[in-house]
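Order of the sequence lines sets the chain letters (A, B, ...), proteins ahead of strands, with each chain counted from 1.
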Amino acid sequence: MSYSPKEIENKWQTKWSEQEAFEPKDDKSLKKKYILSMFPFPSGRLHMGHVRNYSIGDAMARYYRKQNYNVLHPIGWDAFGMPAENAAIKHGRHPKDWTYSNIAYMRKELKTLGLSFSETREFATCDELYTKWEQEFIIKMFEEKLLYRESTTVNWCEECHTVLANEQVEEGCCWRCDNEVELKEMPGYYLDIRKYADELLEDLKLLEGKWPSQVLAMQSNWIGKSQGLEFAFKLSDASKEKLGNKFEDFEVFTTRPDTIYGVTYTALAPEHPIVKELMKNELLDAEVIEKITAISNMTEVERAKAGKEGFDLGITVIHPLTNEEIPVWMANFVLASYGGGAVMSVPTHDERDFEFAIQYNLPLKYVIEGAEDGQAYTGEGVLINSGELNGIKNTKAKAEVIKLFEAKSLGKGTTNYKLRNWGISRQRYWGAPIPFVHCERCGLVPEKVENLPIALPEDVEITGEGNPLENHPTWSTCACPKCGADAKRETDTLDTFVQSSWYQFRYATDPKKWNECGIDKEDVNYWLGVDQYIGGIEHAILHLLYARFFTKALRDVGFIDDLKEPFDNLLTQGMVLMDGSKMSKSKGNTIDPDSLIEKYGADTARLFTLFAAPPQKELEWNDSAVEGAFRFIKKLYDRRSKVSSNELPSIDHASLSKEEKLARAKVYEALQKSVDVYEKTFAFNTLIAACMEALNALDKQDNEQVWTEGLYIITHLLEPIIPHVCAELSEELFASKNLAGKIEILDEVFVQDTITLGVAVNGKRRAEIEVDAGASKEDIITMAKESIAKWLEGKNVVKEILVPNKMVNLVVK
RNA sequence: GCGGAUGUGGUGAAAUUGGUAUACACGCCAGACUUAGGAUCUGGUGCUUUACGGCGUGGAGGUUCGAGUCCUCUCAUCCGCACCA
C-alpha cells in the first residue's frame with residue numbers, strides 16, 4: 001500500500017483523542033515539563049506562522065512525553081479584541097458569535113495538524129469564567145494600590161476609538177491599525193508597573209542565556225534606567241511674583257551633574273504647570289500662547305519631526321551653586337512625562353541643548369576640558385570654570401556633585417526610568433469589563449467579589465460610534481456596592497494584554513478547580529515556570545513585559561507564591577516569508593495551511609516547517625522543498641518492507657560489511673544528535689538531515705537486521721516531528737515499542753574497519769588516505785607521506801601532526 | 001545616535017566548538033524506465049583551468065602546524081529603540 005497521509009492522520013488523531021493521550025497527570029511527584037506556544041487570536045483561520053509555532057512546540061512536548069516527563073502542553077484562545085468588533089461593524093455579526101465560531105473552526109484546523117495539546121485545559125479568554133477571576137485580581141490590585149484611576153494625557157486612536165498604552169504606539173501610530181495616534185486628556189485605569197521597574201530590570205539577569213539576547217536588550221532599553229541628580233531651581237523673586245506666588249521652584253533631573261556649572265538656561269515642557277500658569281494668566285504674548293498650545297496638541301513623534309522650537313518664558317531661576325540668574329524657556333523637546341518635565345540645559349556638553357542654544361542665541365559656558373569651539377563636547381575630561389570642582393575628572397565629579405547637593409540639602413541622587421505606567425482602559429465593547437462602580441457619595445468603588453463576573457451585555461448595538469457599553473440603555477445602571485445608592489458602572493474594558501498576562505497560570509491550574517479559583521497556587525508551584533515558551537519576536541516588549549510584571553504583581557497581592565519569572569526559556573521563531581516578504585493577506589502571498597494539509601498531509605507540513613530553516617530564523621516558503629519533504633516521508637514509509645522483526649535486534653557489529661557498519665553509524669549519529677537538538681539547540685533541521693543521511697546509508701546495504709534497527713530508531717527520532725506516519729509505522733512494525741522511553745546509544749557502532757583521513761601539507765589539503773582502524777601513528781604517517789610524495793620532493797618534513805580520525809598535517813620546508 | 005544580530009555554492013542551509021568547508025535538501029545537468037512526464041530511479045553539480053594546478057566562508061590584517069570558527073580593524077545588510085536630559 002502506498003503512503004496515504006489522510007487515512008493515517010485521521011486514524012491517529014481520532015485515536016489520540018479517544019485515549020486522552022495528551023492530558024497531563026495529576027501526580028506531582030513526577031518530573032515535569034511545561035511547553036507553551038503563544039496562544040492564537042481567533043481571527044478565523046490558521047496561517048503558516050501558527051503552523052510553525054505549534055510544530056516547534058509540539059516537537060518539544062512529544063519529545064519530553066516520550067522521555068517520561070509529565071508534560072503540560074496546552075492551547076487556548078486570546079479571544080477579546082478589536083477585530084471581533086470590526087467584524088460586527090462590517091458584517092453585522094455579534095462579536096461573541098464571531099469569536100466562538102472562529103474558535104470552533106480553528107480548533108478543527110489545529111486538530112488536523114495532529115498537535116499534542118491537552119483538550120481539557122482549553123479555554124477562551126472571553127469565557128465569563130476567565131473574566132470572573134481576572135476581575136478579582138484587578139480588584140485586589142486596586143486594594144493593594146497597584147491599580148489606580150487618573151486623568152491624564154493619553155494616546156488615542158480615532159480609528160479604534162480607544163486609548164492605547166505607550167507600548168502599543170509604534171512610531172506614533174496605532175500598533176493594530178497603523179492610524180496616527182492623537183493625544184487626549186481623559187480618565188483611565190493604570191497599573192503601577194513602574195513600581196516594578198527595578199525588579200523587572202534586575203531579573204532580566206535570571207534570563208540571560210535562556211531568552212534571546214535581543215529580547216533582553218529590548219526590555220532593558222524599554223525600562224530605560226538612568227541614574228543622576230534631582231534638584232530644584234528656585235525661582236527669582238520677580239518671577240515668583242509674576243506667577244502669583246503659586247510656585248517656589250521646579251524640579252529637574254540630570255544624568256550629568258558634573259556639568260552643573262555649565263548651565264546657562266533651563267527648559268520646561270509645554271505641559272509643565274508653570275507654563276500652563278503663564279498661559280492661563282496671559283503673561284506671554286498671544287502669539288506665543290497660541291504656538292505653545294499647538295505644540296501641546298502634537299504627539300511626541302510630531303514634535304520630533306518638527307525640529308526644535310522654544311520660547312523665552314520671561315522668568316528666571318537661581319543657579320543653586322553660583323546664585324546666577326538663569327533664563328527659563330519652554331522647549332518642545334522636553335518631555336512632560338520624564339524627569340518632571342523640566343531640564344537644566346548645558347549647551348556646551350549636550351548636543352540637544354547646543355542646537356537649541358545656537359538657534360536662540362543663548363550663552364555657552366564650557367566646563368570640561370577638551371571641547372572644541374562650534375560644537376558640544378560630550379566626552380570625558382577635567383572640569384574647568386567649575387569653582388571648587390576645578391581639576392576633577394568629570395567622571396568622578398558626578399558623584400562629587402551629588403554628594404555636594406546632598407550635603408547642602410539642595411538635591412539628591414536618584415534613579416529615573418523611561419518605563420511608564422500601563423494604561424489598561426479601553427473604550428471598547430469586546431473586552432473584560434473593569435469591575436468598578438462610580439458612586440456620587442462613595443467615589444470609585446470596586447464591585448463585590450461575590451458579584452463577579454461583571455459580564456458583558458449581549459444585546460448591544462455595535463456601530464463603531466462611541467463605546468457600546470456607554471450607549472447601552474441600562475447596563476451601566478447599578479447600585480453602589482458600598483452604600484446601595486444608585487450608581488454607574490464603569491464602561492471601560494480591560495486591555496486584552498491583561499488576559500494574556502496570566503493565562504500561563506490558568507493552564508497550570510487543574511480544570512477541576514476552575515470554578516473555585518482563578519489560579520491554584522500548588523498547581524502553579526508544580527508547573528511553573530514555563531520550561532519552554534515559543535512565540536514571535538513581535539511580543540518582545542508588549543506581552544512579555546506585561547506577563548513578567550503581572551507575575552510579580554500577582555505574587556505580591558497573594559495569588560501565587562514566590563515565583564520570579566513566568567517563562568524560564570524563550571524561543572522566538574522567525575517569520576514565514578514568501579518571496580522575501582512576510583506572508584500577508586493584503587499582499588496576497590499567503591499559503592493556506594488547510595490546502596497544504598489537504599494535498600500533502602500534516603506530517604509533510606510539519607516536516608517542511610522544521611526542515612527548511614532553524615526555528616529562530618526566517619523561513620522562506622518553497623513549494624518544491626515541500627515536495628521534497630513529502631518525498632522523504634513516502635520513502636520512509638515505503639522502506640517498512642525491509643523490517644523483519646518487531647524488536648530492536650542485537651547485531652554482531654564486527655561481522656558486518658563496510659556499508660552495513662556505515663549505515664549503523666549514521667543511524668546512531670542521528671540518535672546521538674537528537675538529545676542536543678530536542679533539549680538545547682532546537683536545530684530540528686540538522687536532526688532531520690541526519691535522519692535523511694541515515695536512510696540514504698541504509699539504502700546502500702540490505703541487511704535485514706540493520707534495516708530493522710535503523711527504522712526502529714529513525715521512527716523513534718522523528719515521531720515528535722512527523723507523529724502520524726511514525727506512529728503508524730511503529731505500530732505496524734514494532735508494536736509501538738520504540739515510542740516509549742529512551743534508546744541506548746551503542747558506542748561499538750562508531751567503530752569502522754577503515755578510516756579515511758585527509759592529508760594536508762602545510763595545512764593545505766592535498767590527498768586522502770584510507771587506513772585500518774587500528775593503524776599505528778607511524779604507519780599512518782608513512783602512508784600519508786607516500787600519498788603526497790610529489791609535494792615532498794626536495795623538502796624536509798619538519799613536523800608531523802595527526803588528528804585522530806580526521807587528518808594528517810605535514811609541515812615541510 | 002544607542003542597542004541587538006547576521007554575512008558560507010544558483011537557493012534554503014550544515015560544519016561534534018581550532019582539524020578534510022559546503023553535510024542534508026531544493027534547483028540545475030545527464031542518463032534509465034516510459035506514449036508522455038510537473039511521476040519514479042541512477043549519476044553529476046563551489047568557482048576557474050585543456051590539464052597539472054590555482055582560488056574560495058563580506059573585506060584587510062594577526063595568532064596557529066592548521067582559522068568559517070579565536071584576536072584587531074573595516075564594510076554591508078536586517079531588526080528594535082530613539083530629543084529620556
Side-chain angles (χ1 to χ4, degrees), chain A residues 170-171 212-222 224-226 228-229 252-256 259 266-267 269 300-301 303-308 331-335 337-346 349-353 355-356 378 416-420 537-538 540-541 575 577 608 611-614 616-629 631-632 634-635 638 669 672-673 676 683 685-696 756-769 790 798-812:
Chain A
E170 294 169 352
E171 290 179 16
S213 53
Q214 191 187 179
V215 175
L216 296 177
M218 283 165 79
Q219 292 221 348
S220 169
N221 286 343
W222 191 266
K225 179 178 182 169
S226 55
L229 170 69
V252 295
F253 171 73
T254 179
T255 55
R256 296 295 306 275
T259 62
T266 64
E300 281 178 24
V301 178
R303 292 182 206 186
K305 277 192 202 140
K308 295 204 169 28
N332 67 340
F333 65 90
V334 179
L335 304 175
S337 53
Y338 186 81
V343 297
M344 67 175 218
S345 299
V346 185
H349 303 289
D350 180 284
E351 275 158 25
R352 292 157 307 190
D353 296 346
E355 192 190 329
F356 192 81
T378 54
N416 236 317
Y417 300 92
K418 291 184 196 174
L419 183 69
R420 296 176 206 174
I537 187 84
E538 66 271 21
I541 295 175
M575 283 190 302
L577 306 180
F608 167 75
F611 179 56
Q616 298 88 341
K617 279 190 82 166
E618 295 184 329
L619 170 69
E620 178 69 38
W621 187 262
N622 181 334
D623 283 321
S624 20
V626 175
E627 293 272 358
R631 263 201 299 275
F632 171 73
K634 270 199 294 191
K635 182 168 155 185
D638 178 64
E669 268 171 33
Q672 204 165 38
K673 188 173 200 81
D676 232 32
N685 53 329
T686 64
L687 176 63
I688 295 164
C691 288
M692 288 172 168
E693 276 187 74
L695 194 63
N696 290 346
T756 306
L757 297 176
V759 181
V761 180
N762 292 338
K764 189 86 196 154
R765 185 173 179 274
R766 295 299 180 186
E768 193 173 82
I769 54 172
K790 71 171 178 179
V798 296
K799 200 165 182 183
E800 299 158 350
I801 294 144
L802 173 65
V803 185
N805 300 321
K806 296 279 182 187
M807 63 175 303
V808 179
N809 188 18
L810 300 170
V811 184
V812 306

Output the single nucleotide from [options] whose closest atom is nearest the side chain of [X].
| X | options | value |
| --- | --- | --- |
| Trp222(A) | rG53(B), rA82(B), rU20(B) | rA82(B) |
| Ala217(A) | rG3(B), rC65(B), rA85(B) | rG3(B) |
| Val334(A) | rC24(B), rA13(B), rA85(B) | rA85(B) |
| Ser226(A) | rU40(B), rG12(B), rA85(B) | rA85(B) |
| Lys799(A) | rG80(B), rC65(B), rA85(B) | rC65(B) |
| Asn685(A) | rC41(B), rA14(B), rU20(B) | rA14(B) |
| Arg766(A) | rA85(B), rU20(B), rG54(B) | rG54(B) |
| Val803(A) | rG19(B), rA85(B), rG27(B) | rG19(B) |
| Gln214(A) | rG53(B), rA82(B), rG80(B) | rG80(B) |
| Asn696(A) | rC24(B), rA13(B), rA85(B) | rC24(B) |

Is the shortest heavy-atom distance from the side chain of [X] to the side chain of [Y] under 4.5 Å?
| X | Y | answer |
| --- | --- | --- |
| Glu620(A) | Leu577(A) | yes |
| Trp621(A) | Phe608(A) | yes |
| Arg256(A) | Asp350(A) | no |
| Val252(A) | Thr254(A) | no |
| Val803(A) | Asn809(A) | no |
| Arg420(A) | Ser337(A) | yes |

Where does rG9(B) land, syn or anti, given syn is within 90° of 0?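 Syn.
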Over how many whole Å does the gap from [X] atom [atom1] to [N] atom [atom2] extend?
| X | N | atom1 | atom2 | result |
| --- | --- | --- | --- | --- |
| Asn416(A) | rA85(B) | CG | P | 8 Å |
| Phe611(A) | rA13(B) | CZ | C1' | 8 Å |
| Tyr338(A) | rA82(B) | OH | P | 14 Å |
| Leu695(A) | rA23(B) | CG | C1' | 16 Å |
| Lys764(A) | rG56(B) | NZ | P | 7 Å |
| Leu687(A) | rA13(B) | CG | C1' | 15 Å |
| Glu538(A) | rC81(B) | CD | C1' | 17 Å |
| Phe632(A) | rA39(B) | CZ | C1' | 20 Å |

Think Lys308(A) forms a cation-pi with Phe356(A), using NZ or CZ under 6.0 Å from the six-ring centre and within 45 degrees of its axis? no
With sugar-phosphate meaning primed atoms plus P, OP1 and OP2, does [X] contact a base, only sugar-phosphate, or nothing at under 4.0 Å between heavy atoms?
| X | value |
| --- | --- |
| Val343(A) | base |
| Asn622(A) | sugar-phosphate |
| Pro614(A) | sugar-phosphate |
| Ala612(A) | sugar-phosphate |
| Met218(A) | sugar-phosphate |
| Gly224(A) | nothing |
| Glu768(A) | base |

Please report the distance separating the [atom1] of [N] from the corresponding atom of [M], rounded so that it comes out in whole Å.
| N | M | atom1 | answer |
| --- | --- | --- | --- |
| rA25(B) | rU77(B) | C1' | 26 Å |
| rG3(B) | rG12(B) | P | 30 Å |
| rG58(B) | rA51(B) | C1' | 32 Å |
| rC41(B) | rU17(B) | P | 36 Å |
| rU6(B) | rU72(B) | P | 16 Å |
| rC55(B) | rA60(B) | P | 14 Å |
| rG54(B) | rG1(B) | P | 44 Å |
| rU22(B) | rG56(B) | C1' | 11 Å |

State, to 0.1 Å, how close Asn696(A) and Lys635(A) come at their nearest heavy-atom pair, and which atoms those are.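 Heavy atoms only, the tightest pair is OD1-NZ, 3.0 Å.
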Specify the closest pair of heavy atoms between Gly763(A) and Ala760(A), including all atoms of both residues, with the distance to one decimal. C-CB, 3.9 Å
Check whether any side-chain N or O of [X] sits under 4.0 Å from OP1 or OP2 of [N], and answer yes or no.
| X | N | result |
| --- | --- | --- |
| Thr686(A) | rC24(B) | no |
| Arg631(A) | rC41(B) | no |
| Lys418(A) | rC81(B) | no |

Nearest-nucleotide comparison on RNA chain B, the residue closer to the 5′ end among Ile537(A) and Ala306(A):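 Between the two, 5'-proximity favours Ile537(A).
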Taking the nucleotide of RNA chain B with the nearest heavy atom to each, does Ala689(A) or Glu620(A) sit closer to the 5' end?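 Upstream on the strand: Glu620(A).
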Can you check whether any acceptor in the base of rC83(B) is under 3.5 Å from a donor in the side chain of Lys308(A), or vice versa?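 Per atom types, the contact qualifies.
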Given the structure, check if the side chain of Asn221(A) and the base of rC81(B) hold any donor-acceptor pair shorter than 3.5 Å.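 No.
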Find the distance between CG (Asn762(A)) and CG (Leu810(A)) and round it off to the nearest 0.5 Å.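 Nearest 0.5 Å value for the CG-CG distance: 8.5 Å.
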If pairs are Watson-Crick or G-U with both distances under 3.5 Å, what is the dot-bracket string of RNA chain B, marking crossing pairs with [ ] and pairs to another strand with |? (((((((..(((......[....)))((((((.......))))))(((....)))..(((((..]....))))))))))))....
Are there more than 12 heavy atoms of other residues, nucleotides or ligands under 6.0 Å from atom CD of Glu351(A)?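 Not buried by this count: 12 neighbours or fewer within 6.0 Å.
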